[in-house]
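Read the structure below first, then the notes.
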Amino acid sequence: VSGAALFAHGVGGRQDLPIPFELAVFGAALALVVSFLILGLAWRESRYRGDDSGRPLPDWLTHAADSPWTRWALRIVGLTGAVYVGVAAIAGPDLATNPIAGVVYVLLWVGIVPASLLLGPVWRLVNPVRTVHLLLCMAVRVDPAAGILKLSPRVGLWPAAGWLVAFTWLELVAPDRATTPVIRAWFAVFIGLSLVGAVAFGSRWSSHSDPFEAYSGLVGRLSWLGRRRDGRLVARRPLENLDGLPAGPGLTAAVAVLLGSTMFDSASASPWWARWTQESGIGPVPAGTLGLLVTIGLVYATFALAVWSAGIVASVRTRADLFAHSVVPIAVGYVIAHYLTLLILEGQHTLVLLADPLGTGANWLGLGGLTETRWIANQPTLVASAQVAAIVAGHILGIVSAHDRAVRLFPRRQALVAQVPLLAVMVGYTVTGLFLLFAA
Amino acid sequence: VIEVTIVDGIVRTDADRVEARSGETIRVVVTSDVDDELHIHGVDETAALVADVPTTVEFAVEEPGVFEVETHDSSLLLFQLLVR
């Protein structure tokens, strides 16, 4: 029977042990102390130069990365992968042995984080939707960048934030979300609407709307690798890279979805949540939808309120998007803490399943012979320490980013006091994250 | 021994989260008022549940972690198994 059973809900079925209480308290105390130390001791003049910063990498590297050969090779990799997985999703059996759920929820959604930390915004280079649009445009001899309609500058990342909600809803709430018909239906709608958008607004639509590009773009801003304003590839400090993230409309919303959905995933894995949804009569899908939206809404509202208060204190007109970049490291810390073991364990398992996408006993790519290493599952102390370290490190990076932005935007005399609301809301996110690791 | 009763889609059990040591034998007795299927994550074991007949399953989880014990047709979480 093993392996043939369908998962009623998400992938895996294993969660990490709760972290020890003392470790949670230690992490929270550390975050608090370091926050005030940074506020008191850090620089008073903004140091980060965003996209103007960085040490240039050798010219040949920039040329190699930008050459049409490289670009087409990456597009072909993305498209081939999508076709391979698409075949499994359409023609493969609707069983837990189908790799599609693991590919979507683990390799893509979680794997995109380390890939982007390492190399920057990589998804746009392999994004199969972009490639399909490009090929369609080439077929009818139309410039892919040219759309029929003009895109308002106020759109920003709002469509991507909406799609991020839609994807996290699929991942965390949708009924039978690990089954092939459900995943297929979601992606059919997503790919269809994305292509319509690309035809309407040109290929730039992907940068505004594609949730995986947005995710990769945000996380990729914490990479050591960046691109200078003059187009050269540079090595730069991750926080300086993050400083270059454009503070456009919808940034706060996109970041709030990333943080809020991970919070909700953690809270909804607790036994009290399951008990409540089963017994209140609301039903798991309406309750989950509400829970997900409320959590994201709370993150958005608390952050917007904190930035608004900071602006009041400093007597400067400001908006949440100007500070939203500083939530990216906190969200990434959360993601690492919650999905590290899932990525390692289910990631390996998904690779093995990919050897036999149609359930015919095939061993394509030779992946079927991989031995899954479950070592990490037997290291609860190491895992708990890594989880707390990720959350606290994300918090510290967030505080430092917000500090640099505050001393740039706020008058010198008020810059420190004005940061207190920001610091408070970040401590709130971090303590919530640690509490969820302990209690959920 | 963990006893679980399901009546009208409501789960009755002593604890929402049951702690166990890795390798420890756990015995679960489940009585459901409808036919269903029991699924124990972590060992990936399933058992058929016949309406109003107590079904006993014995198993041991070797790996530390939190695992869900649930029914398939009604998608109910019976309890979580916390293995140290």
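Heavy atoms only: backbone and side chains are in, while hydrogens, waters and symmetry mates are out. In what follows, chains are A, B, ... by sequence order, proteins preceding strands, each numbered from 1.
- Side-chain contact between B:L82 and A:P18 is present, with heavy atoms from C-beta onward closer than 4.5 Å.
- To the nearest 0.5 Å, atoms CD (B:E68) and CD (A:Q15) are separated by 5.5 Å.
- The CG atom of B:L78 lies 7.5 Å from the CZ atom of A:R275; values are rounded to the nearest 0.5 Å.
- No more than 12 heavy atoms of other residues, nucleotides or ligands sit less than 6.0 Å from atom CZ of B:R27.
- The nearest pair of heavy atoms linking B:V83 to A:L17 is O-CD2, 3.3 Å.
- Heavy-atom distances place no part of B:I40 under 4.5 Å from chain A, backbone and side chain included.
- When each of A:A269, A:A274, A:S270, A:A377 is checked for heavy-atom pairs under 4.5 Å with chain B, A:A377 comes out on top.
- Of all non-hydrogen atoms in B:R17 and A:P271, the two that sit nearest each other are NH2-CD, 3.6 Å.
- Proximity to chain A (any heavy atom under 4.5 Å) is restricted, for B:Q80, to the side chain, taken from C-beta onward.
- Residues A:N378 and B:E62 fail the side-chain proximity criterion, which asks for heavy atoms closer than 4.5 Å.
- From B:E63, atom CD reaches atom CG of A:L345 across 6.5 Å, with rounding to the nearest 0.5 Å.
- Other residues, nucleotides and ligands contribute more than 12 heavy atoms inside 6.0 Å of the CZ atom of B:F59.
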